[in-house]
Amino acid sequence: MSVIEQIKTSVAKAINQLYSIEVLDKDILLNTTKPEFEGDYTVVLFSFVKQLKKDPEALGNELGNYLLANNNNLFAEYNIIKGFFNLTISNKIWLHFLQEQSNNKSYGVALPTGNKVMVEYASPNTNKPLHLGHLRNIFLGWSIAEILKSNGNEVVKTCIVNDRGIHICKSMIAWKMFANGATPESTNTKGDHFVGDYYVKFNEVYKQQVDELIAKGMDEKQAEANAPIMKDTQQMLLDWEAGKPDVIGLWKKMNSWVYTGFDETYQKIGSDFDKTYYESNTYLLGKSLVEKGLEKNVFYKKEDGSVWIDLTQDGLDEKIVQRKDGTSVYITQDIGLAEQRYNEYKANESIYVIGDEQNYHMKVLKLICQKLQLPSADGIYHLSYGMVELPTGKMKSREGTVVDADDLIEEMINISKQKTEELGKVNDFSETELKELYNMIGLGALKFFLLRVDPKKKMIFNPEESIDFHGFTAPFIQYTHARIKSILRKNEVDNIINDTGLLKLEKEVIKQLELFPTALLEAAQEHDPSKLAIYIFNVAQLFNSFYAQHSIAQAENENKKNLRLHIAQLTAQVIKTGMKNLGIDVPERM
RNA sequence: GGUCCGGUAGCUCAGCUGAAUAGAGCAACAGCCUUCUAAGCUGUGGGUCAUUGGUUUGAAUCCAAUCCGGAUCACCA
């Protein structure tokens with residue numbers, strides 16, 4: 001049980017005993033004590049002062065005496081300032097904690113709970129390469145999966161590839177018209193970029209044709225509908241749906257180019273999936289559910305034969321779930337896929353990492369699943385994240401104003417190379433070791449940059465200002481780790497910690513380390529890796545202050561040295577495990 | 001127009017289940033390497049927490065209204 005939980009339980013019990021009122025653990029408002037006051041944790045008494053009509057001073061003293069008398073292992077002393085009841089935890093608790101955990105490689109990781117969670121993320125289109133927005137999505141998905149695993153959940157990572165539809169046909173048409181048979185190999189281009197170039201090409205030509213038609217006197221709408229290249233594309237979609245061999249062949253070929261490109265990127269950033277679904281296989285799903293919904297009167301049929309659901313009672317609108325020609329719409333596919341995934345994996349929770357422009361859609365999806373009483377319905381959680389925008393506005397792949405994922409990754413790695421070379425601390429590294437280190441630092445910086453902020457907030461990325469390597473960043477944390485490792489390489493740790501008392505900073509670091517499982521749990525509960533990122537940063541920052549003030553190797557005596565080595569060891573461990581949960585590796589040297 | 005999200009230091013962001021003098025990082029300025037890795041540490045300056053009103057012993061935090069920015073409300077996906 002964490003120290004915080006112990007305090008809450010003790011205080012709640014004390015109040016129950018002393019005043020016979022019903023107080024639960026969660027009613028205890030507990031903060032870390034502000035540095036300018038004496039103590040470790042502070043209970044805010046005001047609500048009890050009011051309830052019990054007692055003077056805070058008197059209440060605090062009665063409580064303090066009771067706590068000291070009945071929990072003498074936990075509390076060392078207390079003081080009361082206004083309504084703030086400051087508790088000092090006894091050093092024995094901290095030392096015991098350190099002794100128990102400093103050698104525990106899996107500190108913070110919970111035992112299996114039997115809970116199963118699916119995390120869906122990435123979900124790219126196969127007509128263009130990945131961009132910065134995808135990276136935010138992928139890093140978030142990966143990280144939340146890791147965090148859930150650390151909290152004892154079994155996790156299935158999944159991806160739904162958007163591999164069909166008009167946008168795919170656009171690239172295909174443009175390739176047919178302009179490529180003269182070129183391939184990624186023949187042009188030495190990464191497959192997803194190769195296909196993406198034709199998507200851009202399509203839009204150029206399309207725009208030109210529309211302009212021409214407008215110049216000939218057509219209005220804009222008509223022009224857009226009548227541009228020859230668009231008509232060809234629509235025909236191609238029909239041919240695809242009809243299964244015309246040459247179209248299907250081209251579709252398969254171009255998609256395979258894209259997948260090869262994606263795989264390269266996924267491998268580079270260290271991401272993978274346990275199961276990939278393809279929309280070309282799932283887009284017809286959900287039909288049986290429409291039937292079921294009609295039977296249950298969840299859905300209703302309009303005169304023209306289209307099927308709808310009325311969500312106005314729930315504050316939403318009417319939504320179509322099946323077209324009059326009997327084909328599924330997007331949301332129906334999603335319902336069908338939700339059912340299919342549940343049948344395959346029986347996960348009781350399903351997290352969708354999808355941008356916040358789909359908030360409404362996801363709300364509707366969950367609601368419909370609930371109304372259909374699908375077993376997966378209540379477990380649906382939309383991990384919504386804000387768009388990544390440029391200072392000039394939104395990224396638009398159609399217009400080519402995107403921050404390309406591969407370019408950005410390469411740039412980050414180059415910067416880390418350059419900085420590492422400037423510092424010259426690892427000149428003895430081999431080529432492979434160096435490459436690994438540059439990747440670790442460059443990708444770490446990028447991942448941390450995207451994960452350290454609240455997912456639901458949109459973020460602005462300025463390509464002109466490169467991502468920082470100082471302060472609240474991954475390299476700062478990685479550096480702290482490397483520095484500790486350097487000390488641990490040079491000094492023997494004795495297993496037994498002797499009680500020599502704790503200096504302020506020694507205790508502060510231990511206190512912070514003790515919060516690790518709490519931070520991991522909070523990140524999981526709130527589906528928010530930024531909580532963990534901030535926690536790890538605080539650990540590193542606090543350790544660095546400690547490090548600057550107190551020598552470890554040259555400590556005042558052997559016992560102090562050993563104590564500090566244990567602190568250093570556990571700090572390194574927490575950083576390593578914590579960063580792993582963000583998908584970031586941490587070097588032994590840098 | 002309805003719904004949802006956001007507005008905190010020059011910049012990027014924490015804090016938002018109410019509680020002590022609103023915190024970090026970056027940038028600026030001033031210090032600290034003959035001692036464990038200076039990608040570090042210490043300090044200084046920098047705030048009408050969008051605005052107004054309300055609830056409360058106490059509001060950045062809760063409520064209401066207003067202003068600003070964004071998303072969404074497709075027989076697109």
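All chains are named by letter (A, B, ...) in the order of the sequence lines, taking the proteins before the strands, and each is independently numbered beginning at 1. Excluded from the calculations below are hydrogen atoms, water molecules and symmetry mates; all remaining heavy atoms, backbone and side chain alike, are included.
Residue A/Leu316 is out of contact with every strand shown, counting any heavy-atom pair closer than 4.0 Å. Within the nucleic acid shown, A/Ile534 comes within 4.0 Å of sugar-phosphate atoms alone, with no base atom in reach, counting heavy atoms only. A/Thr420 comes within 4.0 angstrom of a base, heavy atoms only. Contact annotation for A/Phe469: base contact, defined as any heavy-atom pair under 4.0 Å involving a base atom. Heavy atoms of A/Ser551 sit under 4.0 angstrom from at least one base atom. Heavy atoms of A/His481 sit nowhere under 4.0 angstrom from any nucleic acid atom. Within 4.0 Å of A/Lys531, counting heavy atoms only, lie sugar-phosphate atoms of the nucleic acid but no base atom. Backbone-only engagement by A/Ala548 is indicated by non-hydrogen atom pairs under 4.0 Å involving sugar-phosphate atoms exclusively.
Using atom C1' as the reference point in both B/C29 and B/C13, the two lie 23 Å apart (nearest Å). Between the C1' atoms of B/G2 and B/C49, the separation comes to 29 Å (whole Å). Atom name C1', nucleotides B/A64 and B/U55: the rounded distance is 11 Å, in whole Å. Straight-line distance between the C1' atoms of B/C5 and B/C16: roughly 14 Å, to the nearest whole Å. B/U56 and B/G15 are spaced 28 Å apart, taking the P atom of each and rounding to whole Å. Nucleotides B/G23 and B/U51, compared at atom C1', are 24 Å apart to the nearest Å. Taking the P atom of each, B/G53 and B/A60 are spaced 14 Å apart, rounded to whole Å. B/U61 and B/A14 are spaced 13 Å apart, taking the C1' atom of each and rounding to whole Å.
Among the nucleotides B/C13, B/C36, B/A14, the one closest to the side chain of A/Tyr547 is B/C36. For A/Lys50, counting side-chain heavy atoms from C-beta on, the closest listed nucleotide (B/A14, B/G40, B/U57) is B/U57.
Summarising the geometry, the separation between CZ on A/Phe543 and P on B/U37 is reported as 11 Å, rounded to the nearest angstrom. Counting to the nearest Å, the P atom of B/U12 and the CG atom of A/Asn462 are 10 Å from each other. If you take OH of A/Tyr385 and C1' of B/C4, they are 18 Å apart, rounded to a whole angstrom. Rounded to an integer number of Å, the gap from A/Gln549 CD to B/G40 C1' is 14 Å. The interatomic distance linking A/Ile484 (CD1) with B/G40 (P) rounds to 14 Å, in whole Å. Rounded to a whole Å, the CZ atom of A/Arg589 is 10 Å from the P atom of B/U37. Summarising the geometry, the separation between CZ on A/Phe448 and P on B/C13 is reported as 14 Å, rounded to the nearest angstrom. Rounded to an integer number of Å, the gap from A/Leu563 CG to B/C36 P is 20 Å.
A pairwise comparison of heavy atoms in A/Met362 and A/Tyr352 identifies CE-CG, 3.5 Å as the closest pair.
Using modelled atom types, one side-chain atom of A/Glu506 and one backbone atom of A/Leu503 make a donor-acceptor pair closer than 3.5 Å. With hydrogens and angles disregarded, no donor-acceptor distance shorter than 3.5 Å links the side chain of A/Asp356 to the backbone of A/Asn359. Looking at A/Asn162, its side chain never comes within 3.5 Å of a backbone N or O of A/Pro124 through a donor-acceptor pair.
At a threshold of 4.0 Å, the pair A/Lys457-A/Asp454 does not count as salt-bridged, since none of the basic side-chain nitrogens sits closer than that to a carboxylate oxygen.
Because its glycosidic torsion is within 90° of 0, B/C33 is reported here as syn.
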Letter per nucleotide, 5' to 3', of nucleotides 17-30 of chain B [B base touched, S only sugar-phosphate touched, - untouched; heavy atoms, 4.0 Å]: --BB---SSS----

Per-nucleotide protein contact string for nucleotides 71-77 of chain B, where B marks a base within reach and S marks sugar-phosphate only (heavy atoms under 4.0 Å, - for neither): SSS-BSB

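Under the side chain to side chain donor-acceptor pair (under 3.5 Å) rule, A/Thr33 has a single partner from A/Thr88, A/Asp40, A/Thr42, which is A/Thr42. Of the options A/Phe472, A/Phe139, A/Phe476, a ring pair (Phe, Tyr, Trp, His ring centres under 6.0 Å) to A/Phe448 is made by A/Phe472 and by none of the others.
Of the side-chain N and O atoms in A/Arg483, one or more sit less than 4.0 angstrom from OP1 or OP2 of B/A38.
Taking the six-membered ring for Trp and thresholds of 30 and 60 degrees, A/Phe202 and A/Tyr206 have nearly parallel ring planes, at less than 30 degrees apart.
Distance OH/A/Tyr479 to CZ/A/Phe469: 15.0 Å, rounded to 0.5 Å.
Place A/Ala482 and A/Lys456 on RNA chain B by their nearest nucleotides, and A/Lys456 ends up nearer the 5' end. Map A/His550 and A/Phe476 each onto its nearest nucleotide of RNA chain B; the residue landing nearer the 5' end is A/His550.
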A/Asn86 and A/Ile80: CA distance, side-chain angles, deciding distance, side-chain contact (heavy atoms from CB on, under 4.5 Å) verdict: CA-CA 6 Å; A/Asn86 302 320; A/Ile80 307 138; over 6 Å; no

Dot-bracket encoding of pairs in RNA chain B, which uses [ ] for pseudoknotted crossings and | for another strand, Watson-Crick or G-U under 3.5 angstrom: ((((((((.[[[[.)...(...]]]].(((((.......))))).....[[[[[..)....]]]]])))))))....

